[in-house]
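To start, the structure itself, in structure tokens.
Order of listing sets the numbers, starting from 1, for every ligand and every atom in it.
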Amino acid sequence: GDDVFKYYADGEWKVSNSGKSVPVVNPTTRKIQFLVQACTQEEVNKVMESAKAAQKSWAKTPLWKRAELLHKAAAILKDHKKPIADCLVKEIAKPAKDAASEVVRSGDLVSYCAEEGVRVLGEGKFLVSDSFPGNERTKYCLTSKIPLGVVLAIPPFNYPVNLAVSKIAPALIAGNSIVLKPPTQGAVSALHMVHCFHLAGFPKGVISCVTGKGSEIGDFLTMHPGVNCISFTGGDTGIAISKKAGMIPLQMELGGKDACIILEDADLDLAASSIVKGGFSYSGQRCTAVKVVLVMESVADTLVKKVNEKLAKLTVGPPENDCDITPVVTESSANFIEDLVMDAKKKGATFCQEYKREGNLIWPLLLDNVKQDMRIAWEEPFGPVLPVIRISNAEEGIHHCNASNFGLQGCVFTKDINKAILISDAMETGTVQINSAPARGPDHFPFQGVKDSGIGSQGVTNSINMMTKIKSTVINLP
Ligand code: G3H
């Protein structure tokens, strides 16, 4: 019907032949907020065909023109901040201000990609043969970066706009076409973002957006022979995708259990505010959230007290009111968080606050004296619940961090920069932050995980490079 949001293919908004739709449930009201098309495999095939055809001429479009279109899309995106942010509030219960800043950050990211792209892709290499033993100076090698083809972008619910454009913009500036499969919760925000690219005037087929059930089109998309690169952010489905995908470059970011190590000499006020911001913003639903605090026993009481004082000030309620803590994305997510809390309770963790839940809304909770046998010491709640483990030396903290199957980011609080560097070197994570909470941004910084946290490196420059391959031409002199 007319109330079902259309999908985007071949430069047009379309209704699926399936006659079916997928509901987007509002996490706050737990009622259906929007409906999106349930695309069929047939429709995916068509999208892939047009993406492939469009890419050929897109790659031949001058780089500066591609950049110009991206700058245009970025400006339109920022103009549409309000309606997109309103969607984010309804679809994923992101606090109103954070929703607005997600859109601005996305516009900035698109512009930055355009600027960086013209530099990174505007240069190649020139090599000569006589540096390698046995060769005369008879071969000149010219290299440049060429696109991969069709890039499949699968962003997660927590940043349906920002983590979509962080894949779309590098792909497009490099001359690839893009097929976007947004998360169901966040799909309408993503469609609205795609509309901004439509308004900017990208050639048809260069960008498409299909919506639908993972069970129907999920594997079909990721295993599709027309896909030349997958950029995925999400949970452990990424591991399954990496096993099924073909011989194509993969960029994956699959969550974390970011450790926050607090040494005796740390600025405890700074540490406490970083823990609250890092652990509880967007109700802990960030892959880079602080997910375990490892604090030296001697300062633990003081730190826990400071964190609790700040937690008491957080507002809890609907995202429309810009509350700090808002309902988590789904009921099953809330149930999962509750299971972790109950397991910790059974095994004797200290509850700094009373556990409280209404529907999908979970009040912020700090669990002190968490022990190694508790699930919450290792698992990622993706909610406003944070465990504290007391340690008697830095090595214990490093050991806990490295025993995790995740390795996204970590952080260490100390005034001793030498110690901080040594701990950073010892932590098996993609990034370590000294005296601040983990975070992906600024978005041109490299962003990567080790172990189950993913493969490849993101960040504007790395993503542009990852979505290209080297082509060389060798001139052979007589
Ligand atoms: O959820 C995963 C995101 O990449 C984290 O981004 O550090 O900006 O919240 P963020």
Would you please classify the geometry between the His80 ring and the His192 ring as parallel, tilted or perpendicular, with 30° and 60° separating the classes? perpendicular
No-hydrogen, no-angle side-chain donor-acceptor test under 3.5 Å, Lys167 and Ser231: yes
Going by the order shown, which atoms of ligand 1 are within less than 4.0 Å of some heavy atom of Arg286? 1 (O), 7 (O), 9 (O), 10 (P)
Counting from 1, what ligand 1 atoms have a heavy atom of Cys287 closer than 4.0 Å? 1 (O), 2 (C), 3 (C), 4 (O), 5 (C)
Before accepting this row, confirm whether a basic side-chain N of the pair Glu68/Lys72 lies closer than 4.0 Å to the acidic partner's carboxylate O. no
The residue among Asn176, Asn228, Ile168 that forms side chain to side chain contact (heavy atoms under 4.5 Å, CB included) with Val151 is Asn176
Whether Asp267 and Lys415 form a salt bridge (side-chain N of Lys/Arg under 4.0 Å from carboxylate O of Asp/Glu) is what I want to check. no
Under 4.0 Å from a heavy atom of Asn158: which atoms of ligand 1 are those, numbered in the order shown and with their elements? 1 (O), 2 (C)
Atom 9 (O) of ligand 1 [closest protein heavy-atom partner, distance rounded to 0.1 Å]: Tyr159 OH, 2.4 Å
Side chains of His71 and Glu115, donor plus acceptor under 3.5 Å: no
Taking the six-membered ring of Phe34 as reference, does the NZ or CZ atom of Lys90 fall below 6.0 Å from its centre and within a 45° cone about the axis? no
of all protein heavy atoms, closest to atom 6 (O) of ligand 1 is Arg440 NE, 3.0 Å
Protein heavy-atom partner closest to atom 7 (O) of ligand 1 - residue, atom, separation in Å: Thr288 OG1, 2.6 Å
Distance filter under 4.0 Å to Glu253 heavy atoms, resulting ligand 1 atoms: 2 (C), 4 (O)
For Arg105 and ligand 1, does the shortest N/O to N/O distance drop below 3.5 Å? yes
Should you measure from each heavy atom of Phe447, which atoms of ligand 1 turn up under 4.0 Å away? 4 (O)
